[in-house]
Amino acid sequence: MSSPTSSPTTVITNIATLVTNDPSLGDGSPLGLIQDAAVVIDGDRIAWTGESSKAPATDNRVDAGGRAVIPGFVDSHSHLVFAGDRTQEFNARMSGRPYSAGGIRTTVAATRAASDEELERNLTRYLAEALRQGTTTFETKSGYGLTVEDESRALRIASRHTDEVTYMGAHIVSPDYADDPAAYVALVTGDMLNTCAPYARWIDVFCEKGAFDGDQARAILTAGKAAGLHPRIHANQLSYGPGVQLAVELDAASADHCTHLTDADVDALANSRTVATLLPGAEFSTRAEWPNARRLLDAGVTVALSTDCNPGSSFTSSVPFCIALAVRDMGMTPDEAVWSATAGGARALRREDIGRLTPGAYADLVLLDAPSHVHLAYRPGVPLVTGVWRRGRGLTSSRV
């Protein structure tokens, strides 16, 4: 299939169930399931998908051994540039103390004190951990520096590892400006934005009591748009508020958390391009109320699932774990949860080249030690990921 000047081609065959996320393929479902399937990789892209018996000749061949193959997970919400540990906070919270946004200040202090090398070492550690569990695309944010220097260095470090970088100087009001929040908003929308924008694609704000109100969030996101960054927003996590409506108003790519929603919020999301990104690791780790995914899906809202990996409220890098939580506690079917953790995450990043296994998409795929994607929820806590290809390169395949 390849010419002397082209990349070697590889076919993965004997796939029990292939999740393509293309409803024009296979069974016609949103997952586009193909049984007894094969997929051809050419360089860093998918070249062909279909039934094994119809697979074209290739340079290399991998036998999936009757296992399932799914798109790589797209984790569209994480906070991975940080230092320090909040074990004591978690332990206290599990003993009955409620979570509040104030705990972020602990991580801010540790992050400011850390060297660039320490921050990058932490970041790469958690990226490797996520990759082993099938995450092939991730977004990550600043937000634990809250000074011009510390926010820009966080983004500079992150940008060496992903294109999906989010400026979040508006995580909380910096402790340095506790008595003058307006001055901090001016910094976030002024010098800090100007310094950080070259390293970022997105801008985010925590719109919540104890963080930023609706007017402050609008000013921050509007300034970000003017600087060429596209909005995302932490919305309606701890209480009802203006975050979701603001996300829709500004055409934000995603409104994240979406736990406390009015009917008007759900309707607004359903009639917009804004994805509702649900983060069940946060509810698990804070014993908070679960988002009602069923309500959103039934209304026609596009839903993504992500980890929210951070040291305070959701210290997990495992998308399979979040899939199991979403099925068990948020009203999602296994099919919906897998779609939301792959194609849904891609939608939340406004990407068409990831989250699906169809010709032209990146060859980001995961081999499960199971005959079906349903096992991700059916066998919670079991390390089912046995092979990962990212951009066509096999990274782990010990049991292939």
In terms of heavy-atom contacts, does CD of E149 have more than 12 from other residues, nucleotides or ligands at under 6.0 Å? no
Between A170 and D204, the two heavy atoms sitting closest are CB-O, 4.1 Å
Taking the six-membered ring for Trp, are H171 and H234 parallel (under 30°), tilted (30 to 60°) or perpendicular (over 60°)? tilted
For the residue pair F82 and Y126, does the interplanar ring angle fall in the parallel (under 30°), tilted (30 to 60°) or perpendicular (over 60°) class? parallel
Would a distance-only check, ignoring hydrogens and angles, find a side-chain to backbone donor-acceptor pair under 3.5 Å from D150 to L146? no
So does R356 have more than 12 non-hydrogen atoms from other groups sitting under 6.0 Å from CZ? yes
Once rounded to the nearest 0.5 Å, what's the spacing between atom CG of L246 and atom CG of D213? 10.5 Å
Establish, from distance only, whether the side-chain atoms of S318 and Q133 form a donor-acceptor pair under 3.5 Å. yes
State, to 0.1 Å, how close A255 and V244 come at their nearest heavy-atom pair, and which atoms those are. CB-CG2, 4.4 Å
Looking only at atom types and distance, does a side-chain atom of S78 sit under 3.5 Å from a main-chain N or O of D308, one as donor and one as acceptor? no
If I compare all heavy atoms of T307 with all of T316, which pair ends up nearest, and what's the gap? CB-O, 3.4 Å
Could you check whether T13 and S52, counting side-chain N and O atoms only, form a donor-acceptor pair closer than 3.5 Å? yes
Give a yes or no on this: more than 12 heavy atoms of other residues, nucleotides or ligands lie within 6.0 Å of atom CD of E118. yes
To the nearest 0.5 angstrom, please state how far the CG atom of N236 sits from the SG atom of C258. 6.5 Å
So, taking the atom named CG in L221 and the one named CG in L250, what distance separates them when rounded to the nearest 0.5 Å? 6.0 Å
Neighbour count above 12 (heavy atom, 6.0 Å) for R61 CZ: no
Interatomic spacing from CG in L261 to CG in L296 - rounded to 0.5 Å: 5.5 Å
Given the rule in the side chain to side chain contact (heavy atoms under 4.5 Å, CB included) test, do L80 and N310 qualify, once you have shown the distances and angles that lead to the verdict? CA-CA 6 Å; L80 297 180; N310 75 83; over 6 Å; no
Decide whether a cation-pi geometry holds between R45 and Y362; the criteria are a distance under 6.0 Å from NZ or CZ to the six-membered ring centre and an angle within 45° of the ring axis. yes
Considering residues, nucleotides and ligands other than R379, do more than 12 of their heavy atoms fall under 6.0 Å from its CZ? no
Under a 3.5 Å threshold, yes or no: a donor from one side chain and an acceptor from the other, between E89 and T106? no
Any sub-3.5 Å donor-acceptor pair from D364's side-chain atoms to R391's backbone N or O? yes
Looking at R121 and E117, is any side-chain nitrogen of the basic one under 4.0 Å from a carboxylate oxygen of the acidic one? no
Side chain of Y167, backbone of Y199: donor and acceptor closer than 3.5 Å? no
Could you check whether the rings of H79 and Y144 sit parallel, tilted or perpendicular, using 30° and 60° as the cut-offs? tilted
What do you reckon, is CG of D163 surrounded by more than 12 foreign heavy atoms closer than 6.0 Å? no
Does the S372 side chain pair with the main chain of H375, one donor and one acceptor, at a distance under 3.5 Å? no
Exercise: do D335 and T333 side chains pair donor with acceptor under 3.5 Å: no
So that I know where these two stand, are F284 and F321 an aromatic pair - ring centroids less than 6.0 Å apart? yes
Verdict with supporting geometry, V39 and I15, side chain to side chain contact (heavy atoms under 4.5 Å, CB included): CA-CA 9 Å; V39 58; I15 299 169; 3.9 Å; yes
Do the side-chain N and O atoms of D251 and S272 include a donor-acceptor pair separated by under 3.5 angstrom? no
I'd like to know if the side chain of T342 and the backbone of V338 have a donor-acceptor N/O pair within less than 3.5 Å. yes
For the residue pair E164 and W202, confirm or rule out a side-chain donor-acceptor distance under 3.5 Å. yes
Value for CG (L376) from CD1 (I323), rounded to nearest 0.5 Å, stands at 5.0 Å
Are I12 and L357 connected in the hydrophobic side-chain network, where two residues link if heavy atoms are under 4.5 Å apart? yes
May I ask you to decide if D75's main-chain N or O and T135's side chain share a donor-acceptor pair within less than 3.5 Å? no
Could you walk me through whether S285 and S313 pass the side chain to side chain contact (heavy atoms under 4.5 Å, CB included) check? CA-CA 6 Å; S285 297; S313 61; 5.6 Å; no
Give the intermediate values and the outcome of salt bridge (Lys or Arg N to Asp or Glu O under 4.0 Å) for residues D116 and R156. CA-CA 10 Å; D116 288 11; R156 184 175 66 251; 3.3 Å; yes
Side chains of E120 and H161: do they bring a donor and an acceptor to under 3.5 Å? yes
Once rounded to the nearest 0.5 Å, what's the spacing between atom CG of N292 and atom CE of M332? 11.0 Å
Salt-bridge contact K141-E151 (side-chain N to carboxylate O under 4.0 Å): no
Decide yes or no on salt bridge (Lys or Arg N to Asp or Glu O under 4.0 Å) for D176 and R112, but give the supporting numbers first. CA-CA 13 Å; D176 308 322; R112 288 179 178 181; 3.0 Å; yes
Using the rule given for side chain to side chain contact (heavy atoms under 4.5 Å, CB included), can you reason through R160 versus I157, listing the C-alpha separation, both sets of side-chain angles and the distance that settles it, and then say yes or no? CA-CA 6 Å; R160 293 200 283 261; I157 290 167; 3.6 Å; yes
Do the side chain of R232 and the main chain of A348 share a donor and acceptor less than 3.5 angstrom apart? yes
Grab the two heavy atoms, one from S142 and one from A154, that are nearest each other, plus how far apart they are. CB-CB, 4.1 Å
Is it the case that more than 12 heavy atoms not belonging to R328 sit under 6.0 Å from its CZ atom? no
With no hydrogens and no angle check, is any side-chain donor or acceptor of T10 less than 3.5 Å from a backbone partner on N60? no
Among side-chain atoms of E289 and T259, is any donor-acceptor pair under 3.5 angstrom? no
Quick check: closest heavy atoms across I104 and R86, and the distance to 0.1 Å? N-NH2, 3.5 Å
Whether the side chain of R67 engages the backbone of A370 through a donor-acceptor N/O pair (distance < 3.5 Å, no angle test) should be reported. no
Do T9 and D59 have side-chain atoms, one donor and one acceptor, less than 3.5 Å apart? yes
Would you say V374 ends up clustered with V69 if hydrophobic residues are merged whenever their side chains have heavy atoms under 4.5 Å apart, either directly or through other cluster members? no
Group every Ile, Leu, Val, Met, Phe, Trp and Tyr by side-chain heavy-atom contacts under 4.5 Å, then state whether V388 and I354 land in the same group. no
Among all residues two or more places apart in sequence or in another chain, which pass the salt bridge (Lys or Arg N to Asp or Glu O under 4.0 Å) test with E249? R218
Atom of I203, atom of G224 and distance for their closest heavy-atom approach: CD1-CA, 3.6 Å
Do L349 and V303 share a hydrophobic cluster (ILVMFWY, side-chain heavy atoms under 4.5 Å, transitive)? no
What verdict does the salt bridge (Lys or Arg N to Asp or Glu O under 4.0 Å) test give for R351 and E139, after you've listed the backbone C-alpha separation in whole Å, the side-chain angles of each residue and the deciding distance to 0.1 Å? CA-CA 12 Å; R351 297 276 297 272; E139 175 271 0; over 6 Å; no
Is the number of heavy atoms from other residues, nucleotides or ligands under 6.0 Å of F315 CZ greater than 12? yes
